[in-house]
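The structure appears right after this line, and notes come after that.
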Amino acid sequence: MSCVAVRMALVVVSVATTVAPTLSQLGSSDAAGATQDEAAHEVAPRIKLAGIDSVRTRSNVRFAVPQAVPHVLDCTFAFPGRARIALRPAEARPSERTLRYRRGLDIFAIGMGEGASVRLEGAAQRDELLHIEARLALFVWPEAHTWSGSGLVQRAELPGIGALEVELEAFVAQGDSEPARADKQVTQLRPRRVRALRADGLEVETLIVSGWAKSKDPTAQRVWPTGLRLVAQGVTIWDETFTDVLVTGRWDESWFIPPDRRISRNATDIPLLATDAAGAIVRDVALDPEEGPWTLEAAAKRARVHAAQAERDGHTLETGTVLVLDGTLTPRAVRLVLAGEPGATPDGWRVHSPTPAWIASLDQLSDVVPAGKQALRAMEKAQDEARFEVTLTLLEETPRGGVRLMLRLLSE
C-alpha cells in the first residue's frame, strides 16, 4: 500500500469512531485552506435540469474500517451549481453533522459540532467541487454534463476544476412495483464508475455503482443508483446504500448558504440565529377557535394533554411543547414531533421537510408577541416578502428561560 493510501486509511480510522470525517479529508490529500471572507462569487440563476428542479438523496454509509460507526449521508442538489451535503453518525441527532454548502464555485464547510463556516480555497475547493459533480453525474445522467468520447468510456471537462471520466456498462433497471420479467426489463448503458480527475490528471476519487433501479416516485420517471462505493486514491473509504432518492420542489436559496452567512442577525432588533431546521414526522392538532381566545399559556397546557395521549398511544416525542402560531402570533395548533430519525409515517402524521429557519431565544411568554411581530415583519422584508411558518417551543415546564421562537421559511 502506498504512503498516500496508508495516510488515507489512518484518517478514517482516527476520526470515524468519534466524529464524522470531512469530505475533503476523504477526497483529497491536500490540507484545506479557509477564509472568513463574506464575499461570494456570482452564481447563475436557477434552472430545471432534465425537467428536475432539485434532487435529494439519503444513504446509509458503512466505512471500510470495522471500528467505524454507521453514518447517514444527506445530499440536496439544485441547478446550476447548488448543493448541500450533510454527513453524520447514524445514532447522532440531525444537528450533529459535518456540512458542505455549494453555491456556484463557493464551497463552505462546517465541522462536527461547530457553528462557524469556513470557505475552502485552492485544491480543497476544487476537490469538493469534483466530489459534488461526480455524484451529480450519476443522479442526473447524462444531462448534468456534456460528455464526449465513443464507446464505453466518456469524459466531461469541468473548466477550472478538472474533469469527470465515466465507464459505461449495460444495466438492467428493475422496477420496484412489479416482479421482474424479461419483457419488462430495460437495458441501458449507464455509468459503472465515475472518476473525478484534477486538471493535472490526478484521480481524486472514484464512485463505483452497485446497481440501478427505477424511481419509486411515479412523477420522476428516472432511474437512480441503488448504492455506491467511494474509493479515494485506491483505498475503499465506504459503501453506501440509498434509502431515498427524491425529485423535490424548489428549495430556497438560503438552503445552499451556511446559516452564519445568511441574512445578518442585525436584520431586526431581536437577536436571530440562522439555522437549518431538521426534517421530522409531525402531527398538528388544531385548536378549536370556539374554545378560545387561546392564550399561549392555555395552548401550552392543551399541548401537554395531546402529548400525553400520543405517548399513551405508543409514540415517543421530542422534548418540549410546540405551538404553531398565526401571523398575529396567536396559537392555532399544537404540534407533536416524533423523536429520532424520520422513518415510517404513522397514520395521521406527516413528513415535515427540512428548511432554512431563524430562531429567537426569549426569556418569557410575554416577550413572544412583540418580539415575534417585529422579527416576522423584518424577515419577510429582508427575504423579499417570503412566507414563514412561526412556531413556539417551550423547553421547560415553566415559561421563563426556555422559550424559543422559530421562523421557518416556507418553500414555494
Side-chain angles (χ1 to χ4, degrees), residues 95 252 254-255 259 262-310 317-338 349-412:
S95 59
D252 187 84
S254 298
W255 191 242
R262 295 175 189 164
I263 295 173
S264 169
R265 299 181 189 185
N266 297 322
T268 75
D269 293 334
I270 308 301
L272 293 173
L273 175 64
T275 187
D276 291 336
I281 294 177
V282 305
R283 180 162 67 91
D284 289 351
V285 183
L287 295 169
D288 188 347
E290 293 186 0
E291 297 184 34
W294 285 97
T295 65
L296 295 174
E297 291 85 353
K301 184 177 180 179
R302 178 63 60 86
R304 288 190 282 272
V305 172
H306 288 300
Q309 181 59 54
L317 303 182
E318 288 284 358
T319 303
T321 300
V322 184
L323 304 177
V324 182
L325 311 182
D326 63 17
T328 66
L329 283 299
T330 300
R332 66 173 180 82
V334 168
R335 174 161 294 167
L336 306 176
V337 183
L338 291 185
W349 297 69
R350 63 185 175 86
V351 177
H352 207 216
S353 299
T355 181
W358 285 262
I359 294 174
S361 296
L362 307 172
D363 287 333
Q364 52 195 1
L365 287 179
S366 60
D367 296 332
V368 170
V369 174
K373 286 183 177 180
Q374 181 184 355
L376 189 57
R377 285 194 301 267
M379 290 298 294
E380 286 174 343
K381 182 178 180 180
Q383 285 284 95
D384 295 325
E385 305 302 324
R387 296 183 303 116
F388 292 87
E389 177 189 67
V390 184
T391 59
L392 179 68
T393 301
L394 303 179
L395 301 176
E396 301 176 357
E397 287 295 323
T398 56
R400 181 176 294 276
V403 181
R404 186 178 69 187
L405 191 69
M406 177 182 284
L407 278 60
R408 179 178 174 273
L409 190 63
L410 295 175
S411 302
E412 295 183 5

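FYI, the numbering just counts along the sequence from 1. Basis for what follows: all heavy atoms, side chains included, without hydrogens, waters or symmetry-related copies. All of these numbers come straight from a predicted model, not from anything done at the bench.
Paired with R335 under the rule side chain to side chain contact (heavy atoms under 4.5 Å, CB included), one option of H306, E318, E389, R283 passes, and it is E389. Each of L405, L376, T391 was evaluated against L325; a single residue qualifies, L405, per the side chain to side chain contact (heavy atoms under 4.5 Å, CB included) test.
A pairwise comparison of heavy atoms in V337 and A280 identifies CG1-CB, 3.9 Å as the closest pair. In terms of heavy atoms, T321 sits closest to A300 at CG2-O, 3.9 Å. Nearest heavy-atom pair across A310 and L336 is CB-CD1, 4.0 Å. A298 and T295 get closest at one heavy-atom pair: N-OG1, 3.0 Å. Of all heavy-atom pairs between V368 and L392, the closest is CG2-CD1, 3.7 Å. In plain terms, the two heavy atoms of L287 and A299 that are nearest each other are CD1-CB, 3.8 Å.
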> Between K373 and L329, does a side-chain contact (heavy atoms from CB on, under 4.5 Å) hold up when you go through it step by step?
Replying inline: CA-CA 7 Å; K373 286 183 177 180; L329 283 299; 3.5 Å; yes

> Can you check side-chain contact (heavy atoms from CB on, under 4.5 Å) on V334 and L323, steps first, answer last?
Replying inline: CA-CA 5 Å; V334 168; L323 304 177; 4.2 Å; yes

>> Using the rule given for side-chain contact (heavy atoms from CB on, under 4.5 Å), can you reason through R350 versus D284, listing the C-alpha separation, both sets of side-chain angles and the distance that settles it, and then say yes or no?
In response: CA-CA 9 Å; R350 63 185 175 86; D284 289 351; 3.1 Å; yes

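In this structure, CE in M406 is found 9.5 Å from CG in L273, a value given to the nearest 0.5 Å. Between L338 atom CG and L317 atom CG the span is 6.5 Å, to the nearest 0.5 Å. Atom-to-atom distance recorded for L394:CG and L362:CG is 10.5 Å, nearest 0.5 angstrom. If you take CZ on R302 and CD on E297, they are separated by 14.5 Å, rounding to the nearest 0.5 Å.
A donor-acceptor pair under 3.5 Å links the side-chain atoms of W294 to the main chain of D288, judged by distance alone. Side-chain atoms of R332 never come within 3.5 Å of backbone atoms of D326 as a donor-acceptor pair (strictly under, hydrogens ignored). Under the 3.5 Å distance criterion, the side-chain polar atoms of T355 are matched with a main-chain donor or acceptor of L409.
The pair R262-D276 meets the salt-bridge criterion, with a side-chain N (NZ, NE, NH1 or NH2) lying under 4.0 Å from an Asp/Glu carboxylate O.
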